> 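Following this message is one structure expressed as structure tokens.
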2 protein chains.
Amino acid sequence: MPREPHAPAEPRAPRADAQRNRDHLLAAAATLVTEQGTQASLRDVARRAGVGLGTLYRHFPTREDLLEALLGRRFEHLAARADTLAATEPAERALTDWLHEFTLDAGAYHGLPATLMATLSDPESALHALCLRMRQAGGRLLAAAQQEGVIRPDVTALDLFALANALSWITDQAPTLAERRDHLFRLVLDGLRPRP
Amino acid sequence: MPREPHAPAEPRAPRADAQRNRDHLLAAAATLVTEQGTQASLRDVARRAGVGLGTLYRHFPTREDLLEALLGRRFEHLAARADTLAATEPAERALTDWLHEFTLDAGAYHGLPATLMATLSDPESALHALCLRMRQAGGRLLAAAQQEGVIRPDVTALDLFALANALSWITDQAPTLAERRDHLFRLVLDGLRPRP
DNA sequence: ACCTGAACACCGTTCAAGT
DNA sequence: ACCTGAACACCGTTCAAGT
């Protein structure tokens, strides 16, 4: 039943050893990036995965490719959250809740806010598309809130992306300020509401 | 006339060659840090200064020491600006003008916002005292503005320092957003004003 | 197809040897 | 006192050689 002579070109299943190496690399990367941040040594990742350095580069040609694989699910989930919040919460609440969750995800690893922000100037980055989807998801919630007049009309989805990353960056850079995070978040968000 | 037998311990003048090396190091660092940011290679700095690598470490034991020497004058000037603004401008204007100038200085080199922000968790850094003076200068302007009721009372000098650095960081990280800088600045500052 | 690891060109930091 | 540069322990990235 398989082996159709002219079957439509299915994507070949990867060789078993290749798949296993990929899994080991991702597991090793998850550990090291959690411990040391987005700048963790790629040599260490390969070492911990029990794999040659070239194998890491074969599976993930750039550091961003590796991070994308690590972050994909998390941010897909976040994009979906935008739609559920839009459906269940008032526009302003949906926007602020979602932005708050975004700042948490953007701070998942040390150095991640900087990595995400750098994506804006680098369309080749494997994280570029991921960040674009985030801007679009945030943009939809933003438009709804602006429609209701609860957010200034001169705020763009890009502004939101930059500000939310900047807020994540503050606690990433100075853990001392972790306790001020929610307060700073509210201050900045307040600046986005129209002046009466 | 010199050579007083029991003259009070004057700080010995540095040897002429040492002084010359120091000057060359600072000139080289100024060029390379301007071109490549705060993470410029120290090897390159020594090379361009025409000096051995050990000589660089003798004069500037850490990268922060070098940056401090590079930034000292600039930020001293900025601290003085706080007092002149306080004396000549209304409190709110003085605060926003000064903060705006701070964001410009904090963005003088690539990577500088991150370097400055990191000093909060590192009291040993040569830049720690410099950043403290900035927080104090900003804090005085903040207190005056709060006294007049034009800025929320729950904003601290640390909040200001973090937010201003974060704004500098946005354009540092994504030059694309340079055109949005002043707009983002105003949005954030607006969030610091009391709600009516 | 896929994997390995040596090779290359860099780092930051230290320190024995020089003047 | 001060300077030098080799030495050490790391990087990221590439690529010839293997299975």
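Keep in mind the model is a prediction, meaning the values are calculated, not measured. Proteins come first, then strands; the chains are lettered A, B, ... in the order of their sequence lines, and each starts at number 1.
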> Using both distances under 3.5 Å as the test, list the Watson-Crick or G-U wobble partner of D:dT14, or none.
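C:dA6 - that is the nucleotide pairing with D:dT14, both distances being under 3.5 Å.
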
> Under 3.5 Å, side chain of B:R63 to main-chain N/O of B:Q39, donor-acceptor pair present?
yes

> Starting at atom CG of A:L66, determine the distance to atom C1' of D:dT13, rounded to an integer number of angstrom.
15 Å

> For the pair made of CG in A:L25 and P in C:dC2, what is the distance, rounded to whole Å?
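For the pair A:L25 CG and C:dC2 P, the rounded distance is 14 Å.
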
> Which protein N or O atoms sit under 3.5 Å from an N or O of nucleotides 3-5 of chain C?
{"residue": "C:dC3", "atom": "OP1", "partner": "A:N21", "partner atom": "ND2", "Å": "2.2"}
{"residue": "C:dC3", "atom": "OP2", "partner": "A:H59", "partner atom": "NE2", "Å": "3.3"}
{"residue": "C:dT4", "atom": "OP2", "partner": "A:G52", "partner atom": "N", "Å": "2.7"}
{"residue": "C:dT4", "atom": "OP2", "partner": "A:T55", "partner atom": "OG1", "Å": "2.7"}
{"residue": "C:dG5", "atom": "O6", "partner": "A:G54", "partner atom": "N", "Å": "3.2"}

> Where the side chain of A:Y57 is defined as all heavy atoms beyond and including C-beta, which of D:dC11, D:dG12, C:dG12 is the nearest nucleotide?
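Closest of the options to the side chain of A:Y57: D:dG12.
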
> Searching all strands shown, indicate the nucleotide that pairs with D:dT19 (Watson-Crick or G-U wobble; both distances under 3.5 Å).
C:dA1

> Does A:R81 pair with A:D97 as a salt bridge, N-O distance under 4.0 Å?
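No, A:R81 and A:D97 are not salt-bridged.
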
> Mind calculating the distance between CG (B:L32) and C1' (C:dC11) to the nearest angstrom?
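After rounding, the reported distance stands at 15 Å.
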
> Whole angstrom is fine here: how far is it from CZ in A:F60 over to C1' in D:dT13?
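From A:F60 CZ to D:dT13 C1': 17 Å.
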
> Between the main-chain N or O of A:A79 and the side-chain N or O of A:W98, is there a donor-acceptor pair closer than 3.5 Å?
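No: the side chain of A:W98 does not pair with the backbone of A:A79.
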
> Side chains of B:T103 and B:T171: closer than 4.5 Å at any heavy-atom pair?
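Not touching, per the 4.5 Å side-chain cut-off.
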
> Salt bridge check: are B:R20 and B:D23 linked by an N-O gap of less than 4.0 Å?
no

> Would you say a side-chain N or O of B:S41 is under 4.0 Å from OP1 or OP2 of C:dC10?
no

> Would you say B:R43 places a side-chain N or O within less than 4.0 Å of OP1 or OP2 belonging to C:dG12?
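Result: no.
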
> Please check the phosphate of C:dC11 (OP1 and OP2 only) for any side-chain N or O of B:R47 closer than 4.0 Å.
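For C:dC11, OP1/OP2 do have a side-chain N/O of B:R47 under 4.0 Å.
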
> Looking at B:R47 and B:D44, is any side-chain nitrogen of the basic one under 4.0 Å from a carboxylate oxygen of the acidic one?
yes

> Round to a whole Å and report the spacing from CD of B:Q36 to P of C:dC10.
13 Å

> How many Å lie between CD on A:E64 and P on D:dG12, as a whole number?
12 Å

> Over how many whole Å does the gap from A:L42 atom CG to D:dC10 atom P extend?
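The answer, rounded to whole Å, is 16 Å.
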
> Spell out, yes or no, whether B:L32 and B:L26 are grouped together once hydrophobic residues are joined by side-chain heavy atoms under 4.5 Å, including indirect joins.
yes

